[in-house]
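One structure is given below, encoded as structure tokens.
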Amino acid sequence: MHLGATIRLLRLDAGLSLRDLAQRIGVSSAYLSRVEHGHDAVPTPDRLEAIAREIGIPPRLLVGAAHKVGCAIEGYAEDVPSAGMLFLDIARRRLGPAEIARIRAFVEREFPAPERREERPSLARLLAPERVILQLTCPGLEDAIEIAASRFPRLHGEPSVRHVVAELLAREQTASTALGGGVMLPHGVFSPSKTTAALVTLARPLVLPEAPDGLPIRVLLVLLLGEPGGAALSLLAHAARLSSDGLADRLAAATSPADAIRGVEEIEDAG
């Protein structure tokens, strides 16, 4: 995943200009622009936490998306050497996502932390088989978004497919939601609708110049957000982490909508 693209996406959806965010975290606009465009290294965990706080999301989401956890672990392992040995034991056993999820569940049950009390975002809970489209063949991004939008339920007062597509494409014009790792995150706010998601995998990946890492787009996560604010931004940051954790590769092997949703759950549980 290209973290700079995620920071830019979250900044724009939080309504912050480049200058606003740079001033709030004590850096120059030029530096922050270089980070967003991938010309500078990923910021330190402390700076990522500052960015997250100003955007309005839990810092762990952005630090986790950046895979900067190791930097924080180093300091902790120096203070508590036995913890370092535990990490080494886990690495030696080559525990996979399912085993790590069991360890995480035990730790959170036995030693709950205040920062974990908020409900963790989940894309899997927002998906349903009828909104999962596998190996779609279509000529371009607009067609893929329109097909995904047609799968959302239409209740009285809900926006039409045409309106949803127009809003999602307008958001893409503001700045691409391509995150890297072959994943794109078209989204928009449609108050007072309920937040929901659709998932599309593409039989013929889309080559977009906006993709921050140059990789073709293989997966579209289309989000209709019920309201702006912290919960929506946290969900977007969470989706960005999934893209960096191999979401496109896992979904490429999905054999059914249920299997695709299960794949999303597996990556969420492991993170």
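- Across all their heavy atoms, Ala197 and Leu127 have their closest contact at O-CD2, 3.6 Å.
- Checking side-chain atoms of Arg151 against main-chain N and O of Glu130 turns up a donor-acceptor pair under 3.5 Å.
- Side-chain contact between Arg250 and Asp259 is present, with at least one heavy-atom pair separated by less than 4.5 Å.
- Across all their heavy atoms, Ala248 and Gly181 have their closest contact at CB-O, 3.3 Å.
- Legend: residues meeting side-chain contact (heavy atoms from CB on, under 4.5 Å) with Ala52, ordered by chain and number and at least two apart, are Ile57, Pro59, Leu62.
- With rounding to the nearest 0.5 Å, the separation of CD1 in Ile55 from CG in Leu10 is 5.0 Å.
- Going from atom CZ of Arg131 over to atom CD1 of Ile261 covers 8.0 Å, rounded to the nearest 0.5 Å.
- Every residue meeting the salt bridge (charged side-chain N to carboxylate O under 4.0 Å, His left out) condition with Arg24, not counting sequence neighbours, appears here in chain and number order: Glu54.
- With sequence neighbours excluded, the residues forming a side-chain contact (heavy atoms from CB on, under 4.5 Å) with His163 are Pro159, Ser160, Glu167, Phe190, listed by chain and number.
- No path of Ile, Leu, Val, Met, Phe, Trp and Tyr side chains, each step under 4.5 Å between heavy atoms, connects Met85 with Val80, placing them in separate hydrophobic clusters.
- Smallest separation of non-hydrogen atoms from Pro212 and Ala5: CG-CB, 3.8 Å.
- Annotation: the span from Arg102 atom CZ to Asp269 atom CG amounts to 12.5 Å, rounded to 0.5 Å.
- There is a path of hydrophobic side-chain contacts, each under 4.5 Å, that joins Ile7 to Ile25.
- Partners of Arg92 by side-chain contact (heavy atoms from CB on, under 4.5 Å), not counting sequence neighbours, listed by chain and number: Leu88, Asp89.
- A continuous path of hydrophobic side-chain contacts links Val165 to Ile133 [ILVMFWY only; heavy atoms under 4.5 Å].
- A donor-acceptor pair is defined here as one N or O able to donate and one able to accept, closer than 3.5 Å; no such pair exists between the side chain of Asp143 and the backbone of Pro139.
- Contact of the Leu61 side chain with the Arg241 side chain is not registered, since no non-hydrogen atoms from C-beta on lie closer than 4.5 Å.
- The distance from atom CD1 of Ile51 to atom CG of Leu32, rounded to the nearest 0.5 Å, is 6.0 Å.
- Between Leu141 and Leu220 there is a side-chain heavy-atom pair separated by less than 4.5 Å.
- Listed by chain and residue number, Leu134, Gln135, Val219, Leu251 satisfy the side-chain contact (heavy atoms from CB on, under 4.5 Å) test with Thr201 (two or more places apart in sequence, or in another chain).
- The structure places OG of Ser29 at 10.5 Å from CZ of Arg34, a figure rounded to the nearest 0.5 Å.
- When all heavy atoms of Val161 and Ser150 are compared, the closest pair comes out as CG2-CA, 3.9 Å.
- Residues Asp249 and Arg218 have side chains in contact (heavy-atom distance under 4.5 Å, counting atoms from C-beta outward).
- Partners of Arg47 according to the salt bridge (charged side-chain N to carboxylate O under 4.0 Å, His left out) rule, which considers only residues two or more places apart in sequence or in another chain, do not exist here.
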Worksheet item: Can you list the steps and then say if Ile100 with Ile90 is a side chain to side chain contact (heavy atoms under 4.5 Å, CB included)?
Response: CA-CA 9 Å; Ile100 295 297; Ile90 291 173; 3.8 Å; yes

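- Taking the side chain as every heavy atom from C-beta outward, Val27 and Val35 never approach each other to under 4.5 Å.
- The number of heavy atoms from other shown groups lying within 6.0 Å of CD (Glu142) does not exceed 12.
- Under a hydrophobic clustering in which Ile, Leu, Val, Met, Phe, Trp and Tyr are joined whenever their side-chain heavy atoms come within less than 4.5 Å, directly or via other members, Leu208 and Leu221 fall into different clusters.
- In this structure the side chain of Met184 reaches within 4.5 angstrom of the side chain of Ser176, judged on heavy atoms.
- The side chain to side chain donor-acceptor pair (under 3.5 Å) check on Ser17 picks up Asp20, with sequence neighbours excluded.
- In plain terms, the two heavy atoms of Ala178 and Ile217 that are nearest each other are CB-CD1, 4.0 Å.
- When side chains are defined from C-beta on, Leu242 counts as touching Leu123, because their heavy atoms get closer than 4.5 Å.
- How far CG of Leu126 is from CG of Leu199: 11.5 Å, rounded to the nearest 0.5 Å.
- Contacts classified as salt bridge (charged side-chain N to carboxylate O under 4.0 Å, His left out) and involving residues 171-190 (residues at least two apart or in different chains) are given here: Asp13-Arg171.
- In terms of the salt bridge (charged side-chain N to carboxylate O under 4.0 Å, His left out) criterion, residue partners of Glu36 (sequence neighbours excluded) are, by chain and number, Arg11.
- Two residues are said to be in side-chain contact when any heavy atoms from C-beta on lie closer than 4.5 Å; Ile147 and Val200 fail this criterion.
- Annotation for Leu185 and His187: closest pair O-ND1, 2.8 Å, computed over non-hydrogen atoms.
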Cut-off 3.5 Å, no hydrogens considered: what does the side-chain donor-acceptor table look like for residues 222-240, sequence neighbours left out?
from   : atom 1 : to     : atom 2 : distance (Å)
Ser234 : OG     : Gly230 : O      : 3.0
His238 : NE2    : Glu268 : OE2    : 2.7

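- Grouping Ile, Leu, Val, Met, Phe, Trp and Tyr residues whose side-chain heavy atoms lie under 4.5 Å apart, directly or via other members, leaves Leu215 alone, with no other cluster members.
- In the hydrophobic cluster analysis, where Ile, Leu, Val, Met, Phe, Trp and Tyr join through side-chain heavy atoms closer than 4.5 angstrom, Val189 is grouped apart from Phe152.
- Taking Arg19 as the reference, nothing meets the salt bridge (charged side-chain N to carboxylate O under 4.0 Å, His left out) condition, with sequence neighbours excluded.
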